[in-house]
2 protein chains.
Amino acid sequence: MKKSMDCSVLPSKSTEERIREAAKRVFLEKGFDGATSRDIADAAGINIALTNYYFRSKEKLFISIFEEMIQLFFNGMVDIMNKPISLREKIAELIRHDFQLMKENPSLSLFVMNEVHRNPERMVNSIGVMKQIHHSMFEEQLQQEVKQGTVRAINAIHLLPMIFCNIQFLFIGKAMHMKMWQMDEAGFDKFADNHKQLVIDMITNYLFEFEKV
Amino acid sequence: MKKSMDCSVLPSKSTEERIREAAKRVFLEKGFDGATSRDIADAAGINIALTNYYFRSKEKLFISIFEEMIQLFFNGMVDIMNKPISLREKIAELIRHDFQLMKENPSLSLFVMNEVHRNPERMVNSIGVMKQIHHSMFEEQLQQEVKQGTVRAINAIHLLPMIFCNIQFLFIGKAMHMKMWQMDEAGFDKFADNHKQLVIDMITNYLFEFEKV
DNA sequence: CAAGAATTTAAACATTTGTTTAAAAAAACC
DNA sequence: GGTTTTTTTAAACAAATGTTTAAATTCTTG
């Protein structure tokens, strides 16, 4: 049942990995309901029985991909939240990171939102990642600077959506925005890039430039 | 084929309307791919053949619902954009309207984003609504106030996403936010309501309170 | 009321879907 | 090299899905 245990040789791109990569592409594009086992097999260029040979079921394969996407979605974010840098720089970096993540995975956010909406129980397995957000240094750093008067009084639960909504909304609605403003891919890229800087300006402006007491 | 043409009596809730209402609920909750004809028939409490008797196909029924949702999504927005009120008040009203719309239709935004992403061609039939946004008074009012120096220099294509992303992102990610911050429905309502006011403050602050030349 | 039209129903239809089987091919092992 | 194990394949499976049929029921209308 198990494949070779010899770890001294680099495992040439295995069938399992090719299935994962194809499944990632297809699930991200079409969602769990819209993707068929045959879609994934075709995208991977393998026989349809192999998906179940390696992953036992479409559901199990999906969960494996979904959890990888949840990690991708949150891990970089948490890393930055724990960095020993000023709040101002931290927020700018969070936005820049989110932009880069969305640029490299344009349908990631829509995929996550959608699948969590359809089946919230799927997130229970990924509760650890979310705990990390609660236990990060972000909220206490924020409240510390609030106390010092260097930042406007606000809670992390309100600030974090403010930070992430702008970029993610752009990509969640990428198809709609492109239709609405008649942009092609290059046009959207330029638009999104400009928007990123505006958003950093707006949020830092709001947070740090205010009538201090 | 046609039902009674007598318009003098109010048409008791017709089967067609019951199907539409059920389809609306099911499609909004599960999307086109996730919803089955039998789901809709069950939700409407009617025989499964009736959906095709009245709408010819699942696709045609969906398109009918989708276009209604596009109208719901954009119409109120366009109305406010054309109101003869100050930009400051207009933006606040747009956000309040968006909040009310999302509160009454929590999965509307995710539904629209998702279905447009899956099949952008579906929006071509709804191009009229989007043209209305271009031809609204919003951009010219904005640029007029920019010229007067009462508002920060920005284009509508950047400002509009800024206005709508905050509230919509909250509801697009409602399930995720509820899991992440361990909120129940009532908790989320209160959270969203607080957030609305913060967002109005942030955006108007950014736009109108700046180092004027 | 009776004839015709519209609506509703149960059943069936052909495809598609996720999954399994059993045999073939390839790889690993002694 | 021959045996065993692992991987891959074609074919089939049952269940689900969108759709249609044809009969039954209800409504309309003269």
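The chains referred to below are lettered A, B, ... by the order of the sequence lines, with proteins before strands, and numbering in each begins at 1. Every heavy atom of this structure was used, including side-chain atoms; hydrogens, water molecules and symmetry mates were not.
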Using a 4.0 Å heavy-atom cut-off across all strands, classify A:Ser57 as base, sugar-phosphate, or nothing. sugar-phosphate
Separation between CG of B:Leu170 and NE2 of B:His177, rounded to the nearest 0.5 Å: 5.5 Å
Determine whether the side chains of A:Glu104 and A:Gln100 contain a donor N or O and an acceptor N or O closer than 3.5 Å. yes
For B:Asn125 and B:Glu67, test the side chains for any donor-to-acceptor distance below 3.5 angstrom and give the result as yes or no. yes
Taking 4.0 angstrom as the limit, do [X] and [Y] come out as a salt bridge?
X        : Y        : result
B:Glu89  : B:Arg96  : yes
B:Glu185 : B:Lys190 : no
A:Lys30  : A:Asp39  : yes
A:Glu59  : A:Arg122 : yes

Residues touching DNA chain C, which here means a heavy atom under 4.0 Å, drawn from residues 31-42 of chain A: A:Ala35, A:Thr36, A:Ser37, A:Arg38
Of the residues in residues 43-50 of chain B, which ones touch DNA chain C at a heavy-atom distance under 4.0 Å? B:Asn47, B:Ala49, B:Leu50
Any side-chain N or O of A:Tyr54 below 4.0 angstrom from OP1/OP2 of D:dT8? yes
When the distance from NZ of B:Lys60 to P of D:dT20 is rounded to whole Å, what number comes out? 9 Å
For the side chain of A:Thr15, counting heavy atoms from C-beta on, which of D:dT19, C:dT20, D:dT8 is nearest? D:dT8
